[in-house]
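One-based numbering along the sequence shown.
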Amino acid sequence: MPKYAYEAVTALGKKVRGNIEADDTSKAVAKLTSTGHTVISMKEANIFNSDLNVAVGGKKVPPRDMGAYCHQFVSILSAGVPLVSCLKMMEKQSQNKVLAETTREMRISVEKGATLANAMAKHDAVFPPLFVNMVRSGEETGNIDKSFEQMAVHYEKDAKLRGIVKKAMMYPIIVCCLAVVIVIVLLVWIVPQFMDMFLDMDMEMPAYTMAVVALSDFLVGNWYFLLGGILVLVAAFKVFKSTDKGKHILGHLAITIPILGKLNTKTACAQFSRNLQTMLGAGIKITDALGIVAETMSSLIYSEAVFEVKKMVEMGLPLQRALEKTGLFPAMVTNMVAVGEEAGSTEEMLGTVADYYEEEVEEATQQAAATLEPLLIIGMAGVALAVIAAVFLPIISLYGQLDTI
């Protein structure tokens with residue numbers, strides 16, 4: 001779906017910039033207008049304006065902060081505090097500046113007569129459709145505190161999963177960075193110093209050593225071209241990633257790549273099951289819930305698949321059959337959903353599936369990290385030894401010549 005960069009004025013008179021995805025410009029404008037924005041300019045996003053967002057309310061909030069925010073909201077509402085007063089208290093208590101400012105704007109909107117859900121919908125970068133619809137359902141049933149309680153659990157589980165992935169990937173990233181630094185130091189500083197010494201001795205160099213020396217000279221003499229080339233490649237990749245074709249290619253790669261593919265698939269299944277369970281638990285009908293869940297999926301491939309599932313369910317196909325037809329959901333998901341549909345306990349079965357895959361993601365992440373770590377260490381050691389060998393080969397050759405004298 002195309003992305004557009006916009007400049008607009010909020011209902012409270014604040015000038016904001018950001019990005020929005022829509023089928024075309026008119027739909028993008030209509031989407032912003034529906035949230036109370038007055039559009040000033042709208043153009044297709046590119047590398048220079050993509051993901052630009054200077055509005056305070058347009059910044060992302062960490063899941064852990066969102067979970068704490070929801071818990072605080074529940075505590076205050078449960079004490080019988082009126083909504084406006086609750087928002088005032090949350091505005092002062094929130095340690096996250098984005099949440100504090102967003103809550104202030106929400107309070108102003110509620111004081112003017114807007115519902116809490118509509119006030120939240122104006123800040124879609126902070127409150128996703130999943131959250132907004134949960135609150136809207138809570139307002140209709142008189143259980144706003146329950147909606148916030150469910151979202152608190154949702155964000156806590158999300159934060160836990162993200163934390164596990166970040167922790168597992170931190171070591172491989174550090175090793176890769178360290179390997180690059182070591183190779184650069186060896187080629188740019190160590191190798192030239194040794195080569196100067198060998199050249200003064202007027203000795204013949206092994207062909208392998210001369211090849212490494214040539215690589216070292218190339219890096220030293222053309223580092224600015226290499227740096228420029230890397231920056232161009234990064235920019236080209238960012239542009240490619242922002243295109244519809246690029247998103248689909250990278251999306252398919254993410255779920256098929258060895259080691260990480262299974263991890264990404266399990267993560268998507270956990271996200272789908274947990275979010276759909278949350279929506280159904282709030283009393284939202286399944287077709288609407290599927291549409292909301294599709295928008296919240298991190299994987300583009302799974303997002304499109306869930307939209308297709310929504311269409312099939314609207315045509316009367318059981319959820320289990322619709323999921324099966326996509327070819328993306330494992331038998332564990334489809335079989336459990338089938339049992340839930342037969343027993344009238346789809347929500348409970350989805351919760352079971354979510355719990356299962358969240359545990360699987362944790363185990364798969366640890367296994368992926370355990371597999372990558374030794375491979376990276378061996379790779380780093382191999383590259384370092386290859387460069388060091390270029391230095392020691394002439395020394396070994398020199399000792400051999402001395403022995404023959």
Using 0.5 Å steps for rounding, measure from the [atom1] atom of [X] to the [atom2] atom of [Y].
X	Y	atom1	atom2	result
E91	T102	CD	OG1	10.5 Å
K247	S299	NZ	OG	12.5 Å
C86	D145	SG	CG	10.0 Å
K238	L233	NZ	CG	15.0 Å
L276	M279	CG	CE	9.0 Å
D65	K97	CG	NZ	13.0 Å

Test item: [X] side-chain N/O and [Y] main-chain N/O as donor-acceptor pair under 3.5 Å:
X	Y	result
S85	V81	no
S94	M90	no
N335	A331	yes
T243	G246	yes
Q271	S298	yes
E360	K266	no
N143	K146	no
S137	N133	no
S345	E341	no

Close side-chain approach of [X] to [Y], heavy-atom, < 4.5 Å:
X	Y	result
E359	E362	no
E358	K157	yes
H248	E304	yes
V337	P318	no
P62	M66	no
V212	L187	yes
M332	Y357	yes
D217	N222	no

Criterion side-chain contact (heavy atoms from CB on, under 4.5 Å) on F73 and L83, from CA distance to verdict: CA-CA 10 Å; F73 217 107; L83 181 58; 4.1 Å; yes
Under the side-chain contact (heavy atoms from CB on, under 4.5 Å) criterion, do L290 and L319 qualify, and how do the steps go? CA-CA 10 Å; L290 286 167; L319 178 60; 4.3 Å; yes
L317/K325 under side-chain contact (heavy atoms from CB on, under 4.5 Å): CA gap, chis, key distance, verdict: CA-CA 10 Å; L317 201 66; K325 280 183 172 293; 3.8 Å; yes
Polar side chain donor-acceptor pair, [X] to [Y], under 3.5 angstrom:
X	Y	result
N275	T278	no
T103	Y69	yes
E295	S303	no
H71	E149	no

Check the pair T115 / N118 against side-chain hydrogen bond (donor to acceptor under 3.5 Å, both in side chains), numbers first and verdict last. CA-CA 5 Å; T115 64; N118 289 340; 3.1 Å; yes
Locate the shortest heavy-atom distance separating [X] from [Y]; write the atom from each residue and the value.
X	Y	result
A152	G67	CB-O, 4.0 Å
A254	I257	O-CG2, 3.8 Å
A289	L280	CB-CD2, 4.3 Å
L376	C176	CD2-SG, 3.6 Å
R107	L87	CA-CD1, 3.7 Å
D158	P63	OD2-CG, 3.5 Å

Aromatic contact, F307 with Y302 (centres under 6.0 Å): no
Measure centre to centre between the rings of F272 and F329, then say whether the value is under 6.0 Å. yes
Residue pair M297, V293: steps toward the side-chain contact (heavy atoms from CB on, under 4.5 Å) verdict: CA-CA 6 Å; M297 295 297 293; V293 170; 4.2 Å; yes
Should the pair F237 and F240 be assigned to parallel (<30°), tilted (30 to 60°) or perpendicular (>60°) ring geometry? tilted
Scan M120, H154, Q150, E139 and name whichever one has a side-chain contact (heavy atoms from CB on, under 4.5 Å) with M134. Q150
side-chain hydrogen bond (donor to acceptor under 3.5 Å, both in side chains) evaluation trace for T326 with E308: CA-CA 8 Å; T326 65; E308 289 301 315; over 6 Å; no
K310: partners by side-chain hydrogen bond (donor to acceptor under 3.5 Å, both in side chains), with sequence neighbours left out: E314
Take E324 and R321, measure what salt bridge (Lys or Arg N to Asp or Glu O under 4.0 Å) needs, and give me the verdict at the end. CA-CA 5 Å; E324 209 171 51; R321 289 286 298 126; 2.8 Å; yes
I'd like to know whether F148 forms a ring pair (Phe, Tyr, Trp, His ring centres under 6.0 Å) with Y155, so could you lay out the CA-CA distance, the side-chain angles of the two residues, the decisive distance to 0.1 Å, and finally the verdict. CA-CA 10 Å; F148 274 91; Y155 280 116; over 10 Å; no
